[in-house]
Number of protein chains: 2
Amino acid sequence: MTKQLDRNAARLAALGHPVRLAILRAVVKGPAEGTPAGDLQTQVGIPASTLSHHLATLSEADLVKVERSGNFLLYRCDFKSLKTLCDYLWEDCCSGGKCC
Amino acid sequence: MTKQLDRNAARLAALGHPVRLAILRAVVKGPAEGTPAGDLQTQVGIPASTLSHHLATLSEADLVKVERSGNFLLYRCDFKSLKTLCDYLWEDCCSGGKCC
DNA sequence: ATAAAAGTTCGAAAAAAATCGAAATAGATC
DNA sequence: GATCTATTTCGATTTTTTTCGAACTTTTAT
């Protein structure tokens with residue numbers, strides 16, 4: 001119960017940072033195969049080590065998936081988790097017919 | 001551009017804390033008129049001053065609205081903002097027809 | 001084998017967020 | 001107008017997050 005809440009809070013916290021949100025938006029818009037960490041670094045303009053830390057946070061939250069391709073690490077959005085997260089926020093919202 | 005990103009990151013950060021997420025879920029499920037801060041306190045079980053801080057964070061993020069009724073403060077969900085936030089995450093997600 | 005390229009991990013410092021008691025405020029009631 | 005109730009604001013402390021250079025790992029290319 002609170003397990004699910006904590007998990008979702010962690011995911012939202014992962015998205016609650018400008019750099020990480022920019023990364024998520026980049027992989028949402030990016031190619032299905034994934035985007036190399038280096039390309040993401042160019043887009044957000046921060047040192048590699050900092051970027052890597054943010055990518056780890058998103059990964060641990062299951063918001064992105066990684067796969068190696070040669071020398072590159074390709075990051076892509078985990079759309080399923082993102083959907084689960086959004087759905088959670090709205091669960092039982094219409095009990096009184098007051099919203100959606 | 002980055003203005004919108006920062007705003008949305010702030011909203012997600014507001015939701016990225018177990019207590020605040022619990023509060024949001026309570027007001028999503030709660031009555032349309034709003035829920036008194038005291039009731040929320042009972043539900044989350046923390047000191048009033050700490051709760052108040054979290055409520056302020058959610059308020060500043062426009063995720064909840066407050067209205068006084070007698071000496072109660074009624075908090076309710078701002079569904080419109082919540083929707084805007086969720087929509088933002090998925091914007092341009094289907095460029096490659098790869099998800100939804 | 002060596003070296004180069006792409007990223008990650010480590011470690012320490014700086015910045016931001018969370019916590020809670022005590023004091024203050026606003027409205028209702030006597 | 002004094003007091004009670006609900007809640008916020010203040011202030012100080014603790015905890016967590018963010019940051020980034022330096023060193024390390026993994027894969028490719030020479």
Contact class for A/H54 (heavy atom, under 4.0 Å): base, sugar-phosphate, or nothing?
sugar-phosphate
Whether B/R68 contacts D/dT7 is assessed here as follows: a side-chain N or O lying under 4.0 Å from the phosphate OP1 or OP2. Is that the case?
no
Checking D/dC20, D/dT7, D/dT27 against the side chain of A/P47 (C-beta onward), the nearest is D/dC20
Between A/H53 (NE2) and D/dT17 (C1'), how many Å, whole number?
7 Å
Review item, side-chain donor-acceptor pairs of residues 44-62 of chain B, under 3.5 Å, at least two apart:
unit_1 : atom_1 : unit_2 : atom_2 : d
B/H54  : ND1    : B/R20  : NH1    : 3.1
B/T57  : OG1    : B/H53  : O      : 3.2
B/D62  : OD2    : B/R7   : NH2    : 2.9

In the structure I gave you, are the side-chain heavy atoms of B/P18 and B/L21 within less than 4.5 Å of one another anywhere?
no
Mind checking if A/A48 touches a base, just sugar-phosphate, or nothing, with heavy atoms under 4.0 Å?
base
Take B/L85 and B/L15 through the side chain to side chain contact (heavy atoms under 4.5 Å, CB included) test and state the conclusion after the steps.
CA-CA 11 Å; B/L85 178 59; B/L15 295 176; 4.0 Å; yes
Donor-acceptor pair, A/N8 side chain versus A/Q4 backbone, under 3.5 Å?
yes
A/H17 near the nucleic acid: base, sugar-phosphate alone, or nothing, with a heavy-atom cut-off under 4.0 Å?
sugar-phosphate
Are B/Y75 and D/dA6 close enough that a side-chain N or O sits under 4.0 Å from OP1 or OP2?
no
Side-chain N,O (A/T50) to OP1/OP2 (D/dC20) below 4.0 Å
yes
Separation of D/dT16 P from B/R20 CZ (nearest whole Å)
14 Å
Under 4.5 Å between any side-chain heavy atoms of A/L89 and B/C86, yes or no?
yes
Taking the nucleotide of DNA chain D with the closest heavy atom to each, which residue, A/A13 or B/S49, is nearer the 5' end?
B/S49
Testing D/dG21, D/dT5, D/dT8 for proximity to the side chain of B/L55, the answer is D/dT8
Non-hydrogen side-chain atoms of B/R25 and B/V28 separated by less than 4.5 Å:
yes
Show me the side-chain donor-acceptor pairs of residues 67-80 of chain B shorter than 3.5 Å, one per line, residues at least two apart or across chains.
unit_1 : atom_1 : unit_2 : atom_2 : d
B/E67  : OE1    : B/R76  : NH1    : 3.4
B/R68  : NH1    : B/G70  : O      : 3.3
B/D78  : OD1    : B/K80  : N      : 3.3
B/D78  : OD1    : B/S81  : N      : 3.2
B/D78  : OD2    : B/K65  : NZ     : 3.0
B/D78  : OD2    : B/S81  : OG     : 3.3

Boundaries of the DNA chain C segment in contact with chain A, non-hydrogen, under 4.0 Å:
C/dA5 to C/dT9
Rounded off to whole Å, could you give me the CZ-to-C1' distance for the A/F72 and D/dT25 pair?
17 Å
Just how far, in rounded Å, is C1' of D/dT8 from CG of B/L58?
15 Å
d(CG, B/N71; C1', D/dA6) in whole Å:
5 Å
